[in-house]
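Worksheet for the structure shown next.
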Amino acid sequence: MEQSKNIDKKYLKLLAEKYPSAAAAKSEIINLTAIMGLPKGTEYFFSDIHGEYEAFLNLLRSASGTIMDKIREYFSDSMTGEGQERFAHFIYFPDENIKSYQARGFGKEEQKILICRLIKLCRELSSKYTRSKVRKKLPEDYGYAIEELLNVDTAEVDKKKYYDEIIHSVIESDSGADFIGHLCVLAQRLAVDKLHIIGDIFDRGPRADIIMNELMNFPDVDIQWGNHDISWMGAACGNLALVANVVRIAVSYNNFDVLEDGYGINLRPLSMFASNVYKNDDCKGFLPKLLDENVYDNVDVQLAAKMHKAIAVIQFKIEGQIIERHPEYDMDDRNFLKKLNYDKGTIEIEGVEYKLKDTMFPTVDSKNPLELTEGEQELLYTLVSSFRHSELFNRHVEFLYNKGSMYTCCNSNLLYHGCIPMNEDGSFTEVVLDGRRYKGKRLLDYTNEMVKQAYYTKKPDSVDFMWYLWCGKNSSVYGKSKMSAFEGYFIGDEKAKKEIYNPYYQLSNQEKICDMIFEEFGLNPKTSHIINGHVPVKLKDGESPVKANGKLYVIDGGISKAYRTKTGIAGYTLIFSSHHIALAEHMISAKDRVLAGQGSYINYKVSPVIKITERMKERVRVADTDTGEILREKINDLKMLVKAYEDGQV
């Protein structure tokens, strides 16, 4: 008891250094209490972005249509509909618009009008924040001037002159264009208070690196890792199978730009190796999907197919080695190169013998099929070295680790990418790892630690485990019976390729299962939601993203071009404001659907369909959030400090 009092006294003395008087402590209590009464900031949730940087940048910078709604609300009496759209697009992409305006002559009066409109918009968007919070969102350049403009009462004549003089000074000093650019970014930041990314930033789409740059510039973001993110993170940890996997998927989707131009990964050794070793192989089962054109690195399709097969075979060899090192993964049935009958050209999978459609394996020794050739070893060494020395790639991975986790609990929402592994009876699956049993929350916590170990300690078992997370049946970020890449390349039979989802994906549609998950994670079943990605919602087939009577949201809606034909839309944004929870469905116009072949592109002028799924009984205040809990604790501490001052203890 005495020790506890001593600790409290030490803590209060430390607190007194920041608040050196009772008056200072009371002033902060008043400030924090006022903040508690403000409306909560608007949270935005995105999932399964898959490298689609153009779509994502538009959705983020437009706040999924919210900025356009605000423009209509505040400028309908002073701007035409077309003018509103131009103004909105200017805010979303200020750099390119400013260059365009400057090329034709960006007049001073035009600059003044834009500045005044942007200030008005930013003032409205900032109305729910404290000045202190707005100040943190302000740019370093012009921060003081912008803050003054946001808070000047133009109804007063003298203040109006002061307001006009600031704008006049900015324009006359040739800073107008730069100032306007900063105001546009501020409007974007004010519209989206907090950003949640529910996994799978990487793969399939053309430029995940551009998305990562945007996320790193966003003030408040968290990430729940998806299996595709884990694959890239595992490559950074030195997992050879995942280095090969990252390259294989990039080549298979014709995404050479993200590797070579984005991250500086040298693919020339792979192209030379593949050209030589597979020169007599048409590799027709490995032709890349041409959803995007490379801007910087146009690779011949036939050469890309050879590169694709070369890296795939290398990957299957290394995966076989990992499977043999870890019998606890229970994946011996996936050790394909050891299961092949090279004389007959067949393989037995799940009790069925299949004829291979491709039997050319020039680098595989049937007596020792998992052994890499000297050329393959040299190629892998070069690739690993490229990843290790890519400054931008490692900076992005560091950000993924700093801002990411397997799951997050935030404001009564439970966020994770894939699943909580379950049995068919609705119980949590027990997984034996490192000689111990894990299930439910403990499994995700253990996984989280293993992911960190792989990066920070490079412990071999942890590095190998990153591959299991990528494709293991009891991986919470994957959660399917198998990864059927081999079957797709060499068999093609639909039955052989079928991947069976973990029972979670059906069971979680039930309220009682969601309630069980909430209790497992210490959340209130009456007020909580699960926000999930990973599985595309087939809206065109009548499937709803809102499940379990509103307790589960699955928001993988098809931002990725590869999935838009399945979903019928171009992605979802989940929006949690102080008034409601809403889903924004990003639509594909009929014209673009025809031009793009069943919907590869989004027409950004088509406003999203926003559907309110749950209205709050009362407006949600900061006091009702996780931040409110933190502020309450701080207020209580400050009250203790005030009492200590009054009692003469401090």
Side-chain angles (χ1 to χ4, degrees), residues 50 200 203-204 227-228 230-231 241-242 244-254 278 281-289 291 304-324 326 329-364 366 369-370 418-419 467-475 477-503 505 534-536 560 562-563 565-566:
H50 284 301
D200 280 358
D203 293 334
R204 298 197 179 100
N227 60 317
H228 288 269
I230 288 289
S231 176
L242 294 178
N245 188 57
V246 163
V247 174
R248 176 183 67 85
I249 293 177
V251 173
S252 74
Y253 280 89
N254 195 41
Y278 293 90
D281 187 346
D282 61 15
C283 301
K284 64 180 180 180
F286 292 84
L287 292 169
K289 301 175 182 69
L291 298 177
K306 296 180 191 301
M307 294 168 70
H308 187 184
K309 183 173 182 178
I311 199 66
V313 171
I314 289 172
Q315 181 175 343
F316 294 135
K317 286 185 178 184
I318 303 166
E319 288 180 341
Q321 295 172 19
I322 294 175
I323 289 167
E324 292 199 334
H326 296 279
Y329 292 173
D330 190 25
M331 294 180 69
D332 188 58
D333 60 323
R334 311 303 295 162
N335 200 345
F336 300 109
L337 296 182
K338 291 198 78 171
K339 292 167 64 69
L340 280 174
N341 186 321
Y342 292 91
D343 294 329
K344 293 172 60 180
T346 61
I347 188 171
E348 185 178 306
I349 296 177
E350 297 172 5
V352 180
E353 186 176 74
Y354 296 96
K355 189 77 175 173
L356 299 180
K357 62 180 183 179
D358 182 346
T359 58
M360 296 187 70
F361 296 97
T363 67
V364 178
S366 60
L370 303 184
C419 68
W467 174 77
Y468 179 82
L469 285 178
W470 156 249
C471 62
K473 65 179 179 180
N474 287 320
S475 162
V477 294
Y478 183 59
K480 297 182 189 178
S481 58
K482 62 185 180 183
M483 179 80 71
S484 61
F486 182 91
E487 290 90 335
Y489 292 135
F490 293 102
I491 299 174
D493 183 277
E494 291 303 317
K495 183 180 177 182
K497 290 194 296 182
K498 187 174 179 60
E499 299 170 347
I500 300 171
Y501 283 100
N502 185 277
Y505 294 103
H534 192 50
V535 181
S560 171
Y563 288 131
T565 55
K566 295 181 181 179

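When reading the values below, keep in mind they use all heavy atoms of this one structure, side chains included, and skip hydrogens, waters and symmetry mates. What you see is a predicted model, and the numbers here were worked out from it, not measured in a lab.
- Salt bridge E487/K495: absent, no basic N to carboxylate O contact under 4.0 Å.
- Counting heavy-atom neighbours within 6.0 Å of K497 NZ, excluding the residue itself, gives a total above 12.
- In this structure, D282 has no salt bridge (Lys or Arg N to Asp or Glu O under 4.0 Å) partners at least two apart in sequence or on a different chain.
- Atom NZ of K357 sits in a crowded spot, with more than 12 heavy atoms from other residues, nucleotides or ligands closer than 6.0 Å.
- Here the side chain of R248 pairs no donor or acceptor atom with the backbone of I314 at under 3.5 angstrom.
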Mind running side chain to side chain contact (heavy atoms under 4.5 Å, CB included) on I349 and Y354 for me, showing each step along the way?
CA-CA 8 Å; I349 296 177; Y354 296 96; 4.1 Å; yes
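- W467 is linked by a side-chain hydrogen bond (donor to acceptor under 3.5 Å, both in side chains) to E319, counting only residues two or more places apart in sequence or in another chain.
- K482 NZ: more than 12 foreign heavy atoms inside a 6.0 Å radius.
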Step by step, work out the side chain to side chain contact (heavy atoms under 4.5 Å, CB included) result for V352 and D493.
CA-CA 11 Å; V352 180; D493 183 277; over 6 Å; no
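- A ring-centre distance under 6.0 Å is not found for F286 and Y278.
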Could you check D332 against K338 for side chain to side chain contact (heavy atoms under 4.5 Å, CB included), going step by step and ending with a plain yes or no?
CA-CA 10 Å; D332 188 58; K338 291 198 78 171; over 6 Å; no
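- For S252, there are no side-chain hydrogen bond (donor to acceptor under 3.5 Å, both in side chains) partners at least two apart in sequence or on another chain.
- Judged purely by atom type and a 3.5 angstrom limit, D200 uses its side chain to pair as donor or acceptor with the backbone of N227.
- Taking the six-membered ring for Trp and thresholds of 30 and 60 degrees, Y505 and Y501 have ring planes more than 60 degrees apart, a perpendicular arrangement.
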